[in-house]
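Quick notes on the structure that follows.
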Amino acid sequence: MEANLAKIRSSIREAARVRNLTSIYEDPDYVPKGPIYRNANAFHRSYLEMEKLFKIYIYKEGDPPMFHDGPCKSIYSSEGRFIHELEKGKSFTTTDPDEALVYFLPFSVVMLVQYLYVPGSHEIDAIGNTVVDYINVIADKYPFWNRSLGADHFILSCHDWGPRTSSYVPHLFNNSIRVLCNANTSEGFNPKKDASFPEIHLRTGEITGLVGGPSPSRRSILAFFAGRLHGHIRRLLLEQWKDKDQDVQVHDQLRNGMSYDSMLKNSRFCLCPSGYEVASPRIVEAIYAECVPVLISDGYVPPFSDVLNWKAFSIQVQVKDIPKIKDILMGISQRQYLRMQRRVKQVQRHFVVNGIPKRFDVFHMTIHSIWLRRLNIRIHD
């Protein structure tokens, strides 16, 4: 298995030497091309190899709803949708742990919080200790955790407390692949082994009506944000811009008759400030609405950034430059904006949630992020 992975690493490195903007590999569904990719050819080769070889084993231990389950509506829907899709056993999974390349620890931090957290206690020991107990069970029953000290195991969490929960097991925090919405380098997120996971707010559980928007010429608002005071970055944004400028429309709540979705779709740029934690569902909302996202954060690693070139289709503004947002956005030429907006439409396919997953969608891109991190390690018996 490791010899096979060594050959694949070599073939991806070889593919990376091709600097064309378009992949040279044929594909009936989609050929990656253009500056939205760091290297379209290397990504495509890696993706095709993943489809042939990648196998995930899901530990069967643990009972729903805290294990093998998760929310499919709400701000945490990414977590539930991924767990449910993997549990169906149709995509990339195996029932034979000996043929797996990675092992999924199927607890949902959202559900652990729902059932074990005492509101107002600010105490998460019950949650952390449940994870400790679970890993002790699978380490006693199977050889795989001890063989790699957790390096070929992964967790997935969209809850703000995902990083804290993983810290109760040092090998989980330091060695395992942690797929996290809260991808904050100041909280120990390590892009070499951890993967950033997009936060997607599905109010109804579906994306119907969310994807698409008017042409750039019909977007009359320069920049838009609406959201509650939630962390220091939003406080700075609201203090500086709330209800002060017709071009940069910043609101803590929308007036009666204003539609959040239509404001997104009528804006050229959508402001995506971090809240108390770094992730924001506004990034994917902007991409769905074909509005160029403006990321305002400290220490945030955007999703799929080992494959996607975020500078090609988003603006990144440092927190200290919040007062200059209008100047920064007005300084982008019409030609440059149209290019970026076209690329937002192209990158959309990688963030779309499908009822039945389709190649290159958000489910497959998340699997690919895990696959890349497995390629980074070598397991010895």
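Throughout, residue positions are numbered sequentially from 1 according to the sequence presented.
When side chains are defined from C-beta on, H159 does not count as touching C181, because their heavy atoms never get closer than 4.5 Å. Between L338 and R335, the closest side-chain pair of non-hydrogen atoms is not below 4.5 Å. For the pair E285/C270, no side-chain contact is recorded, criterion being any heavy-atom separation below 4.5 Å from C-beta on. Between S369 and R373 the shortest side-chain heavy-atom distance falls below 4.5 Å. Considering only heavy atoms from C-beta on, I135 comes within 4.5 Å of W145 through its side chain.
The backbone N or O of L172 sits nowhere less than 3.5 Å from a side-chain atom of S166 that would complete a donor-acceptor pair. Between the side chain of R219 and the backbone N or O of P214, at least one donor-acceptor pair lies under 3.5 Å. Put simply, the side chain of S176 gets close to the backbone of G150: a donor and an acceptor are under 3.5 Å apart. The backbone N or O of Y288 lies less than 3.5 Å from a partner atom in the side chain of Q348, making a donor-acceptor pair. Under a 3.5 Å cut-off, the side chain of Y117 and the backbone N or O of H122 do form a donor-acceptor pair. Side chain of R374 to backbone of I370: no donor-acceptor contact under 3.5 angstrom is found. Between the side chain of H68 and the backbone N or O of E61, at least one donor-acceptor pair lies under 3.5 Å. The backbone N or O of L375 lies less than 3.5 Å from a partner atom in the side chain of R9, making a donor-acceptor pair. Put simply, the side chain of D247 never gets that close to the backbone of L222: no donor and acceptor are under 3.5 Å apart. S262 contributes no side-chain N or O that, together with a main-chain N or O of M258, makes up a donor-acceptor pair within less than 3.5 Å.
Here the straight-line distance linking atom CG of D252 with atom CG of D243 works out to 7.0 Å at 0.5 Å rounding. Note that CD1 of I58 and NZ of K88 are 12.0 Å apart. Values are rounded to the nearest 0.5 Å. Interatomic distance, CD1 of I177 versus CG of N190, reported as 11.5 Å (0.5 Å rounding). One finds the CD1 atom of I379 at 10.5 Å from the CE atom of M1 (value rounded to the nearest 0.5 Å). Note: L105 CG to R178 CZ = 12.5 Å, rounded to the nearest 0.5 Å.
Ring planes of F351 and F304: tilted class, angle from 30 to 60°. Between F82 and F104, the two ring planes are perpendicular [angle over 60°; tilted spans 30° to 60°]. Between Y37 and H350, the ring-plane angle classifies as perpendicular under the 30° and 60° cut-offs. By the 30° and 60° cut-offs, the orientation of the rings of F43 relative to Y47 is perpendicular.
With no hydrogens or angles considered, a side-chain donor-acceptor pair links H364 and D361 at under 3.5 Å. In summary, the side chains of R359 and Y30 do not present any donor paired with an acceptor at a separation below 3.5 Å, with no hydrogens or angles considered. At a cut-off of 3.5 Å, with distance as the only test, a side-chain donor of N184 or S186 sits close to an acceptor on the other residue.
When each of S78, P198, P281 is tested with C158 by the rule side chain to side chain contact (heavy atoms under 4.5 Å, CB included), just one qualifies, namely S78. Considering Q341, R342, R343 as possible partners of K345, the one that fulfils the side chain to side chain contact (heavy atoms under 4.5 Å, CB included) test is Q341.
Enclosure of atom NZ in K193 by more than 12 non-hydrogen atoms of other residues, nucleotides or ligands within 6.0 angstrom is indicated. Other residues, nucleotides and ligands place no more than 12 heavy atoms under 6.0 Å from the NZ atom of K192. Within 6.0 Å of the NZ atom in K358, the count of heavy atoms belonging to other residues, nucleotides or ligands does not exceed 12. Within 6.0 Å of NZ on K242 lie no more than 12 heavy atoms contributed by other residues, nucleotides or ligands. Environment of CD in Q253: sparse, with no more than 12 heavy atoms of neighbouring residues, nucleotides or ligands closer than 6.0 Å. Crowding of M330 atom CE: a count of heavy atoms from other residues, nucleotides or ligands under 6.0 Å not exceeding 12.
Linking ILVMFWY side-chain heavy atoms closer than 4.5 Å, directly or via other members, places L112 and F154 in two distinct hydrophobic clusters. Residues L372 and I155 do not share a hydrophobic cluster, clusters being chains of Ile/Leu/Val/Met/Phe/Trp/Tyr side chains in contact below 4.5 Å. A chain of hydrophobic side-chain contacts below 4.5 Å, direct or via other Ile, Leu, Val, Met, Phe, Trp or Tyr residues, connects W310 to V294. The same ILVMFWY cluster, assembled from side-chain heavy atoms under 4.5 Å apart, contains both L329 and I283. Linking ILVMFWY side-chain heavy atoms closer than 4.5 Å, directly or via other members, places Y115 and V113 in a single hydrophobic cluster.
Pairs of residues two or more places apart, or lying in two chains, never qualify as salt bridge (charged side-chain N to carboxylate O under 4.0 Å, His left out) while including a residue from residues 157-172. The salt bridge (charged side-chain N to carboxylate O under 4.0 Å, His left out) contacts involving residues 96-111 comprise nothing, where partners must be two or more places apart or lie in separate chains.
In this structure, F173 and E187 approach most closely via the heavy-atom pair CZ-O, 3.8 Å. Annotation for A289 and L264: closest pair CB-CB, 3.9 Å, computed over non-hydrogen atoms. In plain terms, the two heavy atoms of P303 and L308 that are nearest each other are O-CD1, 4.3 Å. Here the closest heavy-atom approach between residue N41 and residue A15 is recorded as ND2-O, 3.0 Å. Taking all atoms of both residues into account, the shortest heavy-atom contact from S108 to I83 is CB-CD1, 4.0 Å. Of all the heavy atoms in F360 and P32, the pair that sits closest is CE2-CG, 4.3 Å.
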**Request:** Apply side chain to side chain contact (heavy atoms under 4.5 Å, CB included) to the pair M263 and I221, showing each step before the final yes or no.
**Result:** CA-CA 8 Å; M263 291 293 286; I221 302 164; 3.7 Å; yes
**Prompt:** How far apart are the C-alpha atoms of D327 and K324, what are their side-chain angles, what is the distance that settles it, and do they pass the salt bridge (charged side-chain N to carboxylate O under 4.0 Å, His left out) test?
**Reply:** CA-CA 5 Å; D327 293 339; K324 300 178 191 167; over 6 Å; no
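Ring centers of Y134 and F67: under 6.0 Å apart, within the cut-off. Note: Y59 and Y142 meet the aromatic proximity criterion, with ring centroids under 6.0 Å apart.
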Donor-acceptor pairs under 3.5 Å, side chain of residues 223-241 to any protein atom, not counting sequence neighbours: which ones?
residue	atom	partner	partner atom	Å
H230	ND1	Y276	N	3.2
R234	NH1	R228	O	3.1
W241	NE1	I322	O	2.9

